[in-house]
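Only one structure is covered here, and it is reproduced in the block below.
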Number of protein chains: 2
Amino acid sequence: MSEGSEVTLDSVKERTGGRSARVRQSVLDAARAELLEGGYGSMSHASVARRAGVDRATVYRRWPSKARLAMDSLVGLADNSVAFPDRGPVESDLREMATSVAKLLETPSISHLFQALIAAQAEDPSLREVGAGFWKERLEIGAHIVTAAVDRGEIDPVEDPAHVLEVMISPLYFRALISCQEIDQAFIDDSVDRAVAMLAFPG
Amino acid sequence: MSEGSEVTLDSVKERTGGRSARVRQSVLDAARAELLEGGYGSMSHASVARRAGVDRATVYRRWPSKARLAMDSLVGLADNSVAFPDRGPVESDLREMATSVAKLLETPSISHLFQALIAAQAEDPSLREVGAGFWKERLEIGAHIVTAAVDRGEIDPVEDPAHVLEVMISPLYFRALISCQEIDQAFIDDSVDRAVAMLAFPG
DNA sequence: ACAGAAACGCGACATTTGTGGCATTAGTGG
DNA sequence: CCACTAATGCCACAAATGTCGCGTTTCTGT
């Protein structure tokens, strides 16, 4: 009766602390650095392992595919480069955010990160839901600009705040990552104006 | 005086017809087929060469990088799967186009093509202008829907017709290729409505 | 039809990428 | 502190990727 045999069945056998955690972190950091520098194409298990100071086989064992490695290194990356102001009038808050996004997208290294995210999703369809969660969360945070304005009583309640943000930034990402067109100030302003219009006429 | 020595200086030495043209075409076709089936990640010089029935070295000599090969195979690809109607009311024309784009984007093989285009631009920055031309032309064609409506006298002249189309389809591409969110009918309708609003209130 | 040259096929080779076995190290639970 | 074992490092090896030289084919201009 005092047998503990079945207890070992659900005992945790996977190691999460100590060296394993250290290795995992350095590999993830190294992968992110590789993506920042050369983009998805130039990143490899070998280059990441070298930079992280671990063996090549270790990286292969933990992340069998390059796509998963890239995704793991990017998800959870708290990017504080984007401004999420919620004090001024909504319009200026939105304008400030759109501007910071545009500026971020024209930074080659940052652009590499987003392209890596896309490439990873393209190579491994099972990663699409991970990426979906990443963007969902990101838009929710951005939607705070709108909800804050509602709370201040500045504007009427909005049905889907995240959708407003999505519409505002979509053209920016489209031009930066897909159609490779220049993003000038007029384009940013237009995006902001359209978002503001959505708040004024929620039809 | 009758010397033709300097004529040979600017004589065309590159061969464009016969076998060379045949090889080029079969390789490009093979590359496109590879991209359709497995996407950018699974395409390789070897797989393309095998499918095209040419030697591996031949592909390497003509297209030193995978990115250029992919881009070459995609540019000039006249896609007749997208509807460009210009008869009905603008709103229905736009709705029809947005719907066909959305349907196209949820087709995995087609999605592979766009992702390959993005990946190629990401790997080789010099290809960004090529891709830019591809999209510029594509949007110009789509803008025909708007200009036709103007010509019919249905709506007032629009400053930048292509921009209207760009704003309409950006969220579709954003969800399909970047944020990996589902594109439902309401989302399509909203995109169309916003485009129509841009025509009504060109502010 | 003919000569010159560009493009191709073929094969050898170096490098990179990916996998498995095995001894050693170092967390984990007792 | 000790036994157990997951995780790592190291090595060997197979497969894929990329490059080069050379003989042959075939395009192009005369």
Base D:dA7 to side chain A:Arg62, donor-acceptor N/O within 3.5 Å cut-off: no
Charged N-O contact under 4.0 Å between A:Asp124 and A:Arg68: yes
Whole-Å distance separating the CZ atom of B:Arg50 from the P atom of D:dA15: 14 Å
Distance below 4.0 Å between B:Thr58 side-chain N/O and C:dC8 OP1 or OP2: no
Out of D:dT8, D:dT25, D:dC20, whichever nucleotide has its closest atom nearest the side chain of B:Ala57: D:dC20
base_contact_polar (D:dG9 base, A:Arg61 side chain, donor-acceptor, <3.5 Å): yes
N or O in side chain of B:Arg22 less than 4.0 angstrom from D:dC27 OP1/OP2: yes
Shortest side-chain distance from A:His45, nucleotide among C:dT25, C:dG18, D:dG9: C:dG18
B:Ser179 backbone acceptor or donor facing A:Lys136 side chain under 3.5 Å: no
OP1 or OP2 of C:dA7 under 4.0 Å from side-chain N/O of B:Ser20: no
Side chain B:Arg56 and base C:dG9 donor-acceptor under 3.5 Å: no
Spacing of B:Asp55 atom CG relative to D:dC22 atom P, expressed in whole Å: 17 Å
Below 4.0 Å: OP1/OP2 of D:dT19 and any side-chain N or O of B:Tyr60: no
Inter-residue atom distance A:Asp193.CG - A:Met168.CE, 0.5 Å rounding: 11.0 Å
Rounded distance (Å) that lies between atom P of D:dA6 and atom CD of A:Glu14: 10 Å
Residues A:Glu106, A:Arg175; criterion salt bridge (Lys or Arg N to Asp or Glu O under 4.0 Å); working and verdict: CA-CA 10 Å; A:Glu106 73 182 4; A:Arg175 283 206 172 183; over 6 Å; no
Chi angles and distances behind the salt bridge (Lys or Arg N to Asp or Glu O under 4.0 Å) call for B:Glu34, B:Arg51: CA-CA 9 Å; B:Glu34 287 287 320; B:Arg51 186 190 284 258; 2.9 Å; yes
Closest-nucleotide 5' rank along DNA chain D - winner of B:Gly18 and A:Arg24: A:Arg24
Interatomic distance where NZ belongs to B:Lys66 and C1' belongs to D:dG18 [whole Å]: 13 Å
